[in-house]
J.: 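What follows is a structure written as structure tokens; I'll ask about it next.
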Amino acid sequence: MDRILKIGGYRATVIDHNYQHLEAMASIGVHYFYGDATRPDLLNSAGIDKAKLLVIALDDKEQITTLTQYVLQNYPHVHVLARAIDRHHVYQLWALGCRDIIRETYDSSLRIGRAAYEALGINSEQAADIISKFDTYDKKMMRVTAEAFDASLPFQDNDEYVKLVKDYMQQYAPELKESVASIINTEKQSGTSDKDTYADSTDKH
């Protein structure tokens, strides 16, 4: 993350409790603070009051939630970009007021899904189109259902949320399936057409 921001002309400060990791980063010019990023005094020392953006990429779910809540409440000028461990963690962070949330395994799942379609014979462009449509569908469902999720209740007791998810899927999933089927059928027809064209050309010789 530091290198990505640095090429755009931005200066990042890294807070980490892994000293060996920090030493390695320091050798390539990374500015850092050692310790627990959820500690208010360490955040102050690192300059949170002057920061424009805080990227929370901790491994522990509870620490992510705690830090997100603390910064949103005490430094409302700071844009918080938080890592969510799972789907339900997204809703917990959303309930705290965070609106820039990255699901930990979601992007890799999309890439794997695209690769799976390609392995099944769908060309890369159409596989990408299928994944894009699913991504749009899923993100819209997350936004539509987020407000109904009660973070204080276990998932199984979130009756309003579960109902809303089911209603959304019942309304929009058939449309998504139809759209994907159309892409796949177009691919199959294109493949058949290419083979027929080759066969016709061979017959003429």
Side-chain angles (χ1 to χ4, degrees), residues 1 5 12-18 35-44 46-114 116 130-180:
M1 176 60 67
L5 292 174
T13 296
V14 176
I15 302 176
D16 200 326
H17 58 78
N18 186 325
D36 180 359
T38 63
R39 285 173 41 200
D41 60 327
L42 185 56
L43 284 173
N44 286 330
I48 187 66
D49 58 321
K50 298 177 182 177
K52 294 181 179 180
L53 168 70
L54 176 66
V55 179
I56 303 176
L58 299 170
D59 294 322
D60 184 82
K61 182 177 179 178
E62 295 305 319
Q63 285 190 322
I64 294 171
T65 304
T66 298
L67 181 53
T68 299
Q69 183 175 23
Y70 175 78
V71 173
L72 288 174
Q73 288 180 348
N74 293 278
Y75 302 95
H77 69 281
V78 177
H79 182 101
V80 176
L81 173 56
R83 170 190 190 183
I85 301 302
D86 52 42
R87 192 179 191 89
H88 300 132
H89 193 208
V90 173
Y91 294 123
Q92 292 174 342
L93 295 173
W94 183 276
L96 294 175
C98 186
R99 292 297 180 266
D100 207 345
I101 305 166
I102 305 299
R103 285 182 271 176
E104 183 176 39
T105 60
Y106 182 68
D107 287 342
S108 60
S109 295
L110 293 181
R111 291 196 296 272
I112 291 172
R114 175 177 173 174
I130 291 172
I131 297 305
S132 176
K133 290 182 183 299
F134 174 82
D135 185 34
T136 299
Y137 163 86
D138 192 70
K139 286 180 177 177
K140 181 180 178 182
M141 180 167 66
M142 293 288 292
R143 290 192 297 271
V144 168
T145 58
E147 297 297 342
F149 186 82
D150 186 344
S152 67
L153 296 175
F155 170 75
Q156 63 272 19
D157 294 334
N158 265 270
D159 296 335
E160 184 181 353
Y161 163 75
V162 172
K163 181 181 182 304
L164 196 56
V165 169
K166 289 180 177 179
D167 290 345
Y168 182 90
M169 292 177 67
Q170 184 176 4
Q171 182 177 356
Y172 294 105
E175 180 182 336
L176 176 63
K177 288 181 180 180
E178 183 179 341
S179 180
V180 170

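We count residues from 1, following the sequence as given. Only heavy atoms go into these numbers, but all of them, side chains included; no hydrogens, no water, no symmetry mates.
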J.: Are there more than 12 heavy atoms of other residues, nucleotides or ligands under 6.0 Å from atom CD of Gln170?
T.: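 No - once you tally the heavy atoms of other residues, nucleotides and ligands closer than 6.0 Å, there are 12 at most.
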J.: Under 3.5 Å, sequence neighbours excluded: what are the donor-acceptor pairs made by side chains of residues 46-54?
T.:
none

J.: So, using side chain to side chain contact (heavy atoms under 4.5 Å, CB included) as the criterion, who are the partners of Glu175 when residues are at least two apart?
T.: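 Glu175 satisfies side chain to side chain contact (heavy atoms under 4.5 Å, CB included) with Tyr172 only.
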J.: For Ala57, which residues count as a side chain to side chain contact (heavy atoms under 4.5 Å, CB included) partner, sequence neighbours excluded?
T.: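 So Ala57 forms no side chain to side chain contact (heavy atoms under 4.5 Å, CB included) with any residue.
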J.: Any ring pair (Phe, Tyr, Trp, His ring centres under 6.0 Å) involving residues 64-90? Give me the pairs, sequence neighbours left out, ordered by first then second residue.
T.: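 For residues 64-90, and leaving out neighbouring residues, the ring pair (Phe, Tyr, Trp, His ring centres under 6.0 Å) pairs sorted by first residue read His88-Phe155.
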J.: Among residues two or more places apart or on two chains, list those pairs meeting salt bridge (Lys or Arg N to Asp or Glu O under 4.0 Å) that have a residue in residues 61-72.
T.: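 Passing the test, one end in residues 61-72: Lys61-Asp86.
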J.: Is the backbone N or O of Arg87 less than 3.5 Å from a side-chain atom of Arg103, with the two atoms forming a donor-acceptor pair by type?
T.: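 No, because the side chain of Arg103 does not come within donor-acceptor range (under 3.5 Å) of the backbone of Arg87.
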J.: Asp41: what forms a side chain to side chain contact (heavy atoms under 4.5 Å, CB included) with it, not counting sequence neighbours?
T.: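 Once residues adjacent in sequence are excluded, the partners of Asp41 under the side chain to side chain contact (heavy atoms under 4.5 Å, CB included) criterion are Arg39.
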J.: Does Pro40 offer a backbone N or O that forms a donor-acceptor pair with the side chain of Asn44 under 3.5 Å?
T.: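 Yes, the answer is positive, given that a donor and an acceptor are paired below the 3.5 Å cut-off.
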J.: State which residues pass side chain to side chain donor-acceptor pair (under 3.5 Å) with Arg111; sequence neighbours excluded, sorted by chain then number.
T.: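 Once residues adjacent in sequence are excluded, Arg111 has no partner under the side chain to side chain donor-acceptor pair (under 3.5 Å) criterion.
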J.: Run the salt bridge (charged side-chain N to carboxylate O under 4.0 Å, His left out) test against Asp60 and tell me which residues pass, sequence neighbours left out.
T.: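 Here no residue qualifies.
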J.: Of all residues at least two apart in sequence or in a different chain, which pass the side chain to side chain donor-acceptor pair (under 3.5 Å) check with Gln69?
T.: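 Gln69 satisfies side chain to side chain donor-acceptor pair (under 3.5 Å) with no residue once adjacent residues are dropped.
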J.: Output every pair passing salt bridge (Lys or Arg N to Asp or Glu O under 4.0 Å) with a member in residues 150-164, not counting sequence neighbours, ordered by first then second residue.
T.: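 For residues 150-164: Lys163-Asp167.
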J.: What pairs with Glu147 under side chain to side chain donor-acceptor pair (under 3.5 Å), at least two apart in sequence or on another chain?
T.: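 Partners of Glu147 by the side chain to side chain donor-acceptor pair (under 3.5 Å) criterion, ordered by chain and then number, come out as Trp94.
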J.: List in chain and number order the residues that pass side chain to side chain contact (heavy atoms under 4.5 Å, CB included) with Ala116, two or more places apart in sequence or in another chain; answer none if no residue qualifies.
T.: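 Result, side chain to side chain contact (heavy atoms under 4.5 Å, CB included) vs Ala116: none returned.
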J.: Step by step, work out the side chain to side chain contact (heavy atoms under 4.5 Å, CB included) result for Lys133 and Leu176.
T.: CA-CA 7 Å; Lys133 290 182 183 299; Leu176 176 63; 4.0 Å; yes
